[in-house]
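Each remark here refers to the structure printed beneath this line.
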Amino acid sequence: MTTGHPRPGPGRRGGHLAVVDPATGESFDEAPDQRPEELDAAVERAHEAWRGWRADPDARRDALLAAADAVEEAAPGLAPLLTREQGKPVTEAYAEVARTAARLRYFAELDAGTQPITDGRPVRSELRWRPLGPVAAIVPWNFPLQLASAKFAPALAAGNTMVLKPSPHTPLATRLLGSVLSGALPEGVLTIVTGREPLGARLVSHPGIRHVTFTGSVATGREVAAGAAASLARVTLELGGNDAAVLLDDADVEEIADRLYWAAFRNCGQVCMAVKRVYAPVRHYTRVVEALADRARTTVVGPGLAPDTRLGPVGNASQLARVERYTARALADGARAVAGGHRLDRPGYFFAPTVLADVPPDSPVVTEEQFGPVLPVLPYRTLDEAVGAANGTGFGLGGSVWGTDVDRAAAVADRLECGTAWINHHAELSLAQPFTGVKDSGVGVAGGPWGLYGNLAPFVVHRPEEA
């Protein structure tokens, strides 16, 4: 049975957003489509709350730790709702909730501290850190809770307040998270606003906002930066990636195939730092393609709430159309779908896990970010050729090198133009490490102490040395 063309995504209905279950293609709930004056009121409340929130670091720490406990307790409600609106397997939704709580605990324990400055002059100088004020965050639909916490946990720990806008495709779990956190945080410290454009544009250009943090596409990121420039607000932009995995000639294909496959297909390929291109030496090329295709053919695809599902639907109708368009273009250009290559004939936004061979290197599925369950595999003859191709797009978020000789693989990784490189694995981040991109993949740093300092401004105090 087929549903024909997928239904449009979120739409207006009497001041509300219709929220679609990607496993069915049907609306199942709604969220407020908030008005500009409601946004203005949220920013004003953030200013009022900031006065008290910034003044007491110990109270902030206790509140964030209590918030982490509340998130864990709310997991049985949060995770299934996240799966319903986003599509991912419910086990992955529970992991996202756990990561949200862990991030709150991590940043609650960080302290920027005060550092003395010694420069040989007869003065005592100290570097202190001050919060910026109300912060704006705009979060995409692929990891609604995890990326929200990546923004609000360091911002709140630094003493800022936040107005956060989730994607109109996935507002429900974020609104529920806001309700959960409201029991631990003072009123106005974190406010969730939901709605369609131009609500996001109004938020990032709001004169009451001092820092804008955004995760999304390059094109929208440029618009966000331009909007924030109106008030000279600081910006942190994570703008996606087109990560390459380079397999060396000593790679053990069967040993790495599972890790490589799931580095590309986890969350239906809708991960900014997923493997989106594989470069394999000519002599291993057929084996690599077949190993990945074998896994694609046997992956259980279904609704995220079904217990056996390993891969859920594409997140929304517009993204499904993008995946179909990129795949069709590649096939028209001469690529072969060794596995998949088509939408599944069932309700919802399901696309078969797809492995493409013989893809022209200038095909959009290679040069752009497809953001779905489609993986092109390309052959190379020399290592310089592979590195050049890996670096040959405008993106620079992550990359990986796979081989038996780890030192050699690390030397190749040093040549990749990206913010993070992995050896024999991909897309694994700890809370303590920085996360950043180069080229079109972003501006600023998230994660670890760097994420905390990104939400603070230096403040230097000079005083005479005491006699």
Side-chain angles (χ1 to χ4, degrees), residues 6-43 45-46 71 74-75 77-88 90 92-93 96-97 100 135-152 162-182 185 190-204 206 212-217 220 224 267 270 304-305 312-320 348-349:
R7 288 184 53 167
R12 290 184 186 273
R13 194 172 69 203
H16 287 80
L17 298 170
V19 182
V20 174
D21 182 343
T24 65
E26 299 293 331
S27 303
F28 74 98
D29 206 337
E30 57 186 23
D33 191 0
Q34 291 181 274
R35 301 182 302 275
E37 56 268 28
E38 294 177 279
L39 173 62
D40 294 342
V43 175
R45 288 196 300 274
V71 170
L78 284 167
L81 181 59
L82 174 58
T83 289
R84 191 83 189 277
E85 66 178 350
Q86 198 277 335
K88 66 185 60 182
V90 72
E92 295 181 21
E96 186 166 338
V97 174
T100 298
V135 173
I138 296 183
V139 179
W141 47 263
N142 58 327
F143 287 93
L145 303 188
Q146 186 166 314
L147 291 175
S149 68
K151 299 180 184 307
F152 67 65
M162 176 173 281
V163 179
L164 184 145
K165 180 185 176 298
S167 166
H169 292 292
T170 53
L172 300 177
T174 309
R175 281 175 53 81
L176 179 56
L177 176 65
S179 297
V180 169
L181 295 175
S182 68
L185 303 176
L190 175 65
T191 303
I192 311 299
V193 296
T194 58
R196 298 177 66 189
E197 288 306 315
L199 193 71
R202 186 180 182 91
L203 175 59
V204 302
H206 200 288
V212 176
T213 173
F214 167 82
T215 299
S217 71
T220 305
V224 167
N267 198 30
Q270 299 165 142
L305 293 176
V314 175
N316 52 74
S318 59
Q319 187 60 30
L320 176 62
Y349 305 147

Between [X] and [Y], what is the shortest heavy-atom contact and its length?
X      : Y      : result
Pro80  : Ala75  : CD-O, 3.9 Å
Pro22  : Pro313 : O-CB, 3.5 Å
Leu199 : Leu39  : O-CD2, 3.7 Å
Gly25  : Val20  : C-CG1, 3.6 Å
Ala93  : Ala79  : CB-O, 3.4 Å
Ala42  : Val163 : O-CG2, 3.9 Å

Original post:
Should Thr215 and Lys151 be marked as a side chain to side chain contact (heavy atoms under 4.5 Å, CB included) after you check the CA-CA gap, both sets of side-chain angles, and the distance that decides it?
Top reply: CA-CA 10 Å; Thr215 299; Lys151 299 180 184 307; 2.9 Å; yes

Distance in Å, [X] [atom1] paired with [Y] [atom2], rounded so as to fall on 0.5 Å steps:
X      : Y      : atom1 : atom2 : result
Leu82  : Glu96  : CG    : CD    : 5.0 Å
Arg202 : Glu37  : CZ    : CD    : 8.0 Å
Leu185 : Phe152 : CG    : CZ    : 8.0 Å
Asp40  : Leu203 : CG    : CG    : 10.0 Å
Leu177 : Leu172 : CG    : CG    : 12.5 Å
Ile192 : Gln34  : CD1   : CD    : 10.0 Å

**OP:** Go through the structure and list residues passing side chain to side chain donor-acceptor pair (under 3.5 Å) with Ser179, not counting sequence neighbours.
**Re:**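 Listed in chain order: nothing, the list is empty.
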
Using atom types as modelled, flag every donor-acceptor pair under 3.5 Å from a side chain in residues 136-149 to any protein atom, sequence neighbours excluded.
from: Asn142; atom 1: ND2; to: Gln270; atom 2: O; distance (Å): 3.2
from: Ser149; atom 1: OG; to: Arg103; atom 2: NH1; distance (Å): 3.2
from: Ser149; atom 1: OG; to: Leu145; atom 2: O; distance (Å): 3.4
from: Ser149; atom 1: OG; to: Gln146; atom 2: O; distance (Å): 2.8

Between [X] and [Y], is there a donor-acceptor pair closer than 3.5 Å when you use the side chain of the first and the backbone of the second?
X      : Y      : answer
Gln86  : Thr170 : no
Thr194 : Pro32  : yes
Glu30  : His16  : no
Gln319 : Asn316 : no
Asp33  : Arg196 : yes

Subject >> All pairs passing salt bridge (Lys or Arg N to Asp or Glu O under 4.0 Å) where residues 16-25 contributes a residue, at least two apart >> reply: Asp21-Arg84

Original post:
Any side-chain heavy atom of Glu38 sitting closer than 4.5 Å to one from Val193?
Top reply: no

